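A short worksheet on the structure shown next.
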Amino acid sequence: MTEQNPDKDVENWVTGEEPATGPQLSYLRTLAREAGEEVPENLTKAQASRMIDRLQGRSPRTAGREDEGTGGTGGREDPGGGGTP
């Protein structure tokens, strides 16, 4: 079995257009609340991942800490859709 690169560009994810997962949305809501932002409805996995990456830099909890709280994937799930965040 070949390992997937968790840093693969979200634009190239096989499952990027699928709806965001529960864990993604939960973490995203926490970050958005801390940043004073709203989470749009009906985000895809790729959109949620990009928003997580952006908000991590603004959150007092994660600012300056690389990959904090995401299992080392920057909010990204397995590009093949087989993993969990």
Side-chain angles (χ1 to χ4, degrees):
M1 182 170 133
T2 306
E3 284 193 36
Q4 299 276 338
N5 179 0
D7 294 328
K8 184 176 180 180
D9 188 337
V10 295
E11 297 301 323
N12 296 321
W13 284 6
V14 173
T15 61
E17 292 303 313
E18 292 180 5
T21 65
Q24 275 184 309
L25 292 172
S26 176
Y27 185 52
L28 184 53
R29 287 184 190 113
T30 299
L31 291 172
R33 182 176 57 248
E34 291 174 354
E37 291 195 24
E38 296 290 322
V39 177
E41 295 289 322
N42 302 315
L43 288 176
T44 65
K45 287 180 180 179
Q47 290 168 328
S49 179
R50 284 191 295 267
M51 190 170 183
I52 287 168
D53 287 345
R54 181 175 58 82
L55 291 176
Q56 280 179 327
R58 296 183 58 199
S59 171
R61 179 190 334 207
T62 61
R65 293 190 213 167
E66 191 171 322
D67 295 324
E68 179 69 23
T70 63
T73 62
R76 298 180 178 129
E77 292 192 11
D78 175 22
T84 57

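Atom set for the values below is all heavy atoms of this structure, side chains included, hydrogens, waters and symmetry mates excluded. Given the structure is predicted, the values throughout are model-derived calculations rather than measurements.
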Could you pull out the closest heavy-atom pair between Gln47 and Asn42, with the gap in Å? OE1-O, 4.0 Å

Do the side chains of Pro40 and Met51 get nearer than 4.5 Å, heavy atoms only? yes

Point-to-point distance, once rounded to the nearest 0.5 Å, from NZ of Lys45 to CD1 of Ile52: 12.0 Å

For Leu55 versus Ala35, what's the shortest heavy-atom pair and its separation? CD2-CB, 3.9 Å

Reported CD-to-CG distance for the pair Glu18 and Leu43, which is rounded to 0.5 angstrom: 14.5 Å

